[in-house]
Amino acid sequence: MKILLLGKNGQVGWELQRALAPLGDLIALDRQGESGLCGDLANLEGLAATVRSLAPNVIVNAAAYTAVDKAESEPALAARINAEAPGVLAREAAQLGAWLIHYSTDYVFDGSGQGQWQEDAPSAPLSVYGRTKREGELAIQASGAAAVVLRTSWVYAARGQNFAKTMLRLAAERDVLRVVADQFGAPTGAELIADVTAHILHRLFRAHDASRLAGTYHLAAAGETSWHGYAQFVLAHARRSGVALKVSAEQLVAISTEDYPLPALRPRNSRLALAKLEETFNLKMPPWQQGVQRMLDEIQR
Ligand code: NDP
C-alpha cells in the first residue's frame, strides 16, 4: 500500500508517521515538501501534481489551518487550506480510485444543547475556522471520492505546546489562575487519533465492500470535561508528582466564556457521539483521563 501523508509535523501528523509506517510505503510531506514534491496545501496546483506523480492508494491529510483566532483575520488563506485543498485532494483521489482520510472538528457545530453531537446533526459553525473546515467536508463529499472524515476535538500531544503545559507553567508563575468552565468536550490525544486511523486503514483494505465504510465519524476520547476540569486534572497530577506550584487544583477559578473573550467564538458543547465509529470499526474509545495521564507522565519525566 502506498500512503501519502500531508502535514507530517503537526500534532496528529507526527503520530501518524509512527502509526502508518508499518502499513506500507509511506511518503510523508510537510509544507516545505521534498524531492520536488509539493506539500503546501496553499499551492493547489502543486498539491494536485504531487498526488498525480505519486499515485498513492491512500491520502491522509493531517495538514490544516488550525490557528482558530488568527483565521478570523485570514479567512481567504484558511479557506484555501481547510476547504479548497481537501477538495483538490478528494478530486485527485477520486480520479485515482484512492482513499482519502481527512480530519475535521467539533467546531463545525454551534455548541448548543447538552447532548452528544451525532455525525448527521446539522452543522452551524461559529467561526471562520469552523466554517472553512465544514466547507472542506462538503468539498470531499461532492467529489465522490471514497473518503473517511474523522471529526475530533481538543487535540493534544506531548510534543510541542499544549494546554496542559500552559496550565503547568501558569500555575507555577501566577498566584491566581482562571479557566473557562462552561465549554465541554473530551481532550483527545494525537496518539489515539493516529492509532485509530491506522486501524481504520487496515479495515478498509481488508473489507469485502470497503465503500460502505466511507463517511464521517466522530473520533474522540470517551467521557467529558470542561477546560477547568481538564486543568484541575493536570494540576492534581503535577501535585502528586511533586511539582512545585503556586496554584493548586482546588484553587483554580472557574470562569465563563464571556469572562475570557477571544476573536473566534468557541462551541460550548463539543460532546461528540462515538457509537458510529466504535460500532463500525469494532473499537472502544478509552476515557480521556488515560491519555492525558500518559502525556503528563511523558512531559514530566
Ligand atoms: P497542528 O496545528 O498541530 O498541525 C497542523 C499542521 O498543518 C502543521 O504541521 C502545519 O504546519 C500544517 N499546515 C498548515 N498550513 C499548511 C500548508 N499550507 N501546507 C501544508 N501544511 C500546512 O494540528 P493538529 O495536528 O492538532 O490537527 C490535525 C487535524 O485535526 C486538523 O485537520 C485539525 O483541523 C483537526 N482538529 C484539531 C483540533 C485541535 O485541537 N488541534 C481539534 C479538532 C480537530 P506548520 O507547522 O508549518 O504551520
Side-chain angles (χ1 to χ4, degrees), residues 4-19 28-34 37-48 50 59-71 74 76-86 88-89 100-109 111 117 123 125 127-137 139-140 147-164 166 183 185-194 196-197 216-221 227 230 264 266-267 270-272 288 291-292 295:
L4 168 60
L5 168 63
L6 296 156
K8 71 170 184 174
N9 288 321
Q11 299 188 93
V12 174
W14 178 255
E15 289 297 332
L16 282 166
Q17 288 194 60
R18 169 188 59 75
L29 301 176
D30 61 11
R31 186 199 296 260
Q32 281 70 43
E34 61 185 49
L37 295 169
C38 170
D40 182 358
L41 268 71
N43 178 348
L44 303 180
E45 284 170 18
L47 199 59
T50 295
I59 302 167
V60 181
N61 179 31
Y65 186 113
T66 55
V68 173
D69 291 312
K70 203 168 162 205
E74 285 190 337
L77 183 59
R80 173 128 32 112
I81 295 167
N82 290 345
E84 293 175 53
V88 167
L89 293 174
L100 173 64
I101 312 289
H102 178 76
Y103 302 92
S104 190
T105 169
D106 52 306
Y107 281 34
V108 301
F109 297 118
W117 294 101
S123 62
S127 61
V128 168
Y129 169 73
R131 175 171 54 75
T132 58
K133 291 295 290 184
R134 177 60 183 153
E135 288 166 359
E137 294 182 355
I140 291 169
V148 169
V149 174
L150 299 167
R151 285 194 195 127
T152 188
S153 68
W154 297 21
V155 179
Y156 65 84
R159 187 170 179 262
Q161 263 318 308
N162 67 34
F163 174 79
T166 304
Q183 293 171 22
T188 302
E191 283 181 343
L192 177 67
I193 297 170
V196 169
T197 302
T216 300
Y217 298 88
H218 290 167
L219 192 185
W227 293 105
Y230 185 3
R266 269 78 172 158
S270 286
R271 300 172 177 97
L272 298 176
W288 66 266
V292 171
M295 177 264 291

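Values in this document were obtained by computation on a predicted structure and should not be read as measured data. All ligand and atom numbering here is 1-based and tracks the order in the structure. The analysis underlying the following values was restricted to heavy atoms, covering all of them including side chains, and did not include hydrogens, waters or symmetry mates.
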Non-hydrogen atoms of G130 and P125 that approach each other most closely | C-CB, 3.4 Å

Counting only N and O atoms by type, is there a donor-acceptor contact under 3.5 Å from the side chain of T188 to the main-chain atoms of A186?
-> yes

Taking every non-hydrogen atom, the tightest pair across A63 and G7 = CB-CA, 3.7 Å

Side chain or backbone of W154 under 4.0 Å from ligand 1, or both, or neither, by non-hydrogen atoms?
-> backbone

Atom 36 (N) of ligand 1: any protein heavy atom closer than 4.0 Å | yes

For N9, atoms of ligand 1 separated by under 4.0 Å from a heavy atom | 9 (O)

Compare R159, K8, R80, Q11 and give the one whose heavy atom is closest to atom 24 (P) of ligand 1.
-> Q11

Considering only heavy atoms, which of A63, A78, G10, A157 lies nearest to atom 9 (O) of ligand 1?
-> G10

Mind checking whether Y129 has a heavy atom under 4.0 Å from ligand 1?
-> yes

What distance do Y129 atom OH and Y65 atom OH have between them, rounded to the nearest 0.5 Å?
-> 11.5 Å

Sub-3.5 Å N/O-N/O distance, Y65 and ligand 1 = no

So, are R151 and E137 salt-bridged, with charged N and O less than 4.0 Å apart?
-> yes

Y103-ligand 1 polar pair, N/O distance under 3.5 Å | yes

Among protein heavy atoms, which sits nearest to atom 38 (C) of ligand 1, and what does the distance come to when rounded to 0.1 Å?
-> V155 CG2, 3.4 Å

So is there a nitrogen or oxygen of R31 less than 3.5 Å from a nitrogen or oxygen in ligand 1?
-> yes

What atoms in ligand 1 come closer than 4.0 Å to a heavy atom of A42?
-> 18 (N)

Atom 23 (O) of ligand 1: the protein heavy-atom neighbour that sits closest, reported with distance to 0.1 Å | T66 CG2, 3.5 Å

Salt-bridge contact D40-R80 (side-chain N to carboxylate O under 4.0 Å) = no

For the student: nearest non-hydrogen atoms of A139 and A83, plus distance | CB-O, 3.9 Å

Please step through side-chain hydrogen bond (donor to acceptor under 3.5 Å, both in side chains) for the pair T197 and Y103, ending with a clear verdict.
-> CA-CA 10 Å; T197 302; Y103 302 92; 2.8 Å; yes

Identify the protein heavy atom lying closest to atom 43 (C) of ligand 1, giving its residue, its atom name and the separation to 0.1 Å.
-> T152 O, 3.2 Å

Whether Q17 side chain and K8 backbone form a donor-acceptor pair below 3.5 Å | yes

re atom 19 (N) of ligand 1, the protein heavy-atom contact at minimum distance is L41 N, 2.8 Å

Nearest 0.5 Å please: distance from the CG atom of N9 over to the CG atom of L16.
-> 11.5 Å

Please indicate whether any nitrogen or oxygen in D40 is less than 3.5 Å from any nitrogen or oxygen in ligand 1.
-> yes

What orientation do F109 and W117 show, parallel under 30°, tilted 30 to 60°, or perpendicular over 60°?
-> parallel

Taking only heavy atoms of G39 into account, list the atoms of ligand 1 that are under 4.0 Å away from them.
-> 19 (N), 20 (C)

Please walk me through it: do D106 and S270 pass side-chain hydrogen bond (donor to acceptor under 3.5 Å, both in side chains)?
-> CA-CA 6 Å; D106 52 306; S270 286; 2.6 Å; yes

Heavy-atom contact under 4.0 Å between S104 and ligand 1?
-> yes

A62 N/O under 3.5 Å from ligand 1 N/O = no

T50 side chain to C38 main-chain N or O, any donor-acceptor pair under 3.5 Å?
-> yes

Can you figure out which of G136, A67, G7, A64 has its heavy atom closest to atom 5 (C) of ligand 1?
-> A64

Going by the atom numbers of ligand 1, which of them fall below 4.0 Å from some non-hydrogen atom of K133?
-> 31 (C), 32 (O), 33 (C), 34 (O)

Heteroatom proximity flag, V12 to ligand 1, N/O under 3.5 Å | yes

So is there a nitrogen or oxygen of I81 less than 3.5 Å from a nitrogen or oxygen in ligand 1?
-> no

